[in-house]
Amino acid sequence: MKRAGSRRAVVLPMAALLVLAALAVGLTVAARGSAGRPGAAATAGPTGPLPVDLAARVDAYTAGFAAGTPYTVPDAVQRRAVADGVVAALDGRPEQAGQALAPVGYRLSEFTEAGSGRRVAEIAEDGPADRRGWGRVYLDLSAKDYWSVQVPHPVSDSRTEMLGVDLFRAAPGGVLVLAGAHRRAGADGSSDPAHRSDTVFAAVIEALTARGLPGIQVHGFDEGSLPGQDTVVSSGAGQAGPAAELTAAGLGRAGFAVCRAWQEKCGQLEGTTNVEGRFAAGLAVPWLHVELANALRTEPARRAAVAAALAATAVSWRGPATP
């Protein structure tokens, strides 16, 4: 009996060790699997994937943006491939989207967005975030997409990336197009997608505009360049219409001093040379260029008020668009 008891005393700890070892291996494999999937949108919870906080995700993505960081100019085939992938995703063809994106190192993934509770698709580089600096696109899958918010200068126009997220959350049916590098990352202005048409950012927005999706492009300015004004609203190279008037009125009701570019001089902040604006003007698709003073972008309460005003404009586009 003493011997049998001794044998059990040895066997039980060994069994426990084997179970613990198996669990450790399983956890290691799971961790490696998650790390090996750059598109993995969420950590698994007890009832499925956990929601993803888009603001935190975008913050992490843009954290390393700075002047002089790596940027690669995409060629025409690469630009077209990403744009084609976005269009396929918009049309509800994820398999075709993946086929278009994979050859240029992009992938499509989906997650539930924590702030809005809506399903969102992410189109992003399948590798290190700053590898080429081409940017990301987020699609609201809860409704038919009918408008876009465009962020060409994340970080360099402080917190416009967060305004883009706030606006994307505030109005359903949106597409958030986010540039992938600081505007001064590339040589000779090559990473400034507001003034260069040879960017993935421009290619995606041209594809959206060609489908008739109106857009709101957000920018930032130093208060010293336009004293007494909080924001500038314009239609870029196009004619101002109902959307511009609605936006200016909404921002004014929120308590902000608004310079209306179609009525007055706004310190060369009208966006008339913006390449996305010029493309939209050529197709007579509504497009807005909104410049915001620092406090309207960096102070959360003011930023939320701006997002609410811009969201009202976005919602107005649900019907037939009017330039």
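Small disclaimer: the values here were computed from a predicted structure and weren't measured. Basis for what follows: all heavy atoms, side chains included, without hydrogens, waters or symmetry-related copies. Along the sequence shown, residues carry numbers from 1.
Listed for the Asp91 side chain is no donor-acceptor partner under 3.5 Å among the backbone atoms of Arg93. When atom types are taken as modelled, the side chain of Arg303 and the backbone of Arg297 share a donor-acceptor pair closer than 3.5 angstrom. Side-chain N or O atoms of Ser191 include one that pairs as donor or acceptor with a backbone N or O of Arg183 at under 3.5 Å. In terms of modelled atom types and a separation under 3.5 Å, the side chain of Trp147 and the main chain of Pro172 share a donor-acceptor contact. At distances below 3.5 Å, at least one donor-acceptor pair connects side-chain atoms of Asn274 with backbone N or O atoms of Gly277. Remark: the backbone N or O of Ser116 is paired with a side-chain donor or acceptor of Glu113 at under 3.5 angstrom. Formation of a donor-acceptor pair under 3.5 Å by the Asp140 side chain with backbone atoms of Ser142 is found in this model.
Other residues, nucleotides and ligands contribute only 12 or fewer heavy atoms inside 6.0 Å of the CZ atom of Arg184. Around atom CD of Glu95, no more than 12 heavy atoms belonging to other residues, nucleotides or ligands sit under 6.0 Å away.
Ring pair Tyr61/Phe65 is perpendicular by interplanar angle, where above 60° counts as perpendicular and below 30° as parallel. Ring planes of Trp134 and Tyr106: parallel class, angle under 30° (limits at 30 and 60°). Between His195 and His153, the ring planes lie parallel to each other; the angle is under 30°, not in the 30° to 60° tilted range.
Electrostatic pairing of Arg57 and Glu122 counts as a salt bridge here, judged by a charged N lying under 4.0 Å from a carboxylate O.
Defined by atom type and a distance below 3.5 Å, a donor-acceptor pair is present between the side-chain atoms of Glu245 and Trp262.
Connectivity analysis of hydrophobic side chains (ILVMFWY, heavy atoms under 4.5 Å, direct or indirect) links Leu226 to Phe221, Val232, Leu269.
Atom CD of Gln217 sits about 10.0 Å away from atom OG of Ser234, to the nearest 0.5 Å.
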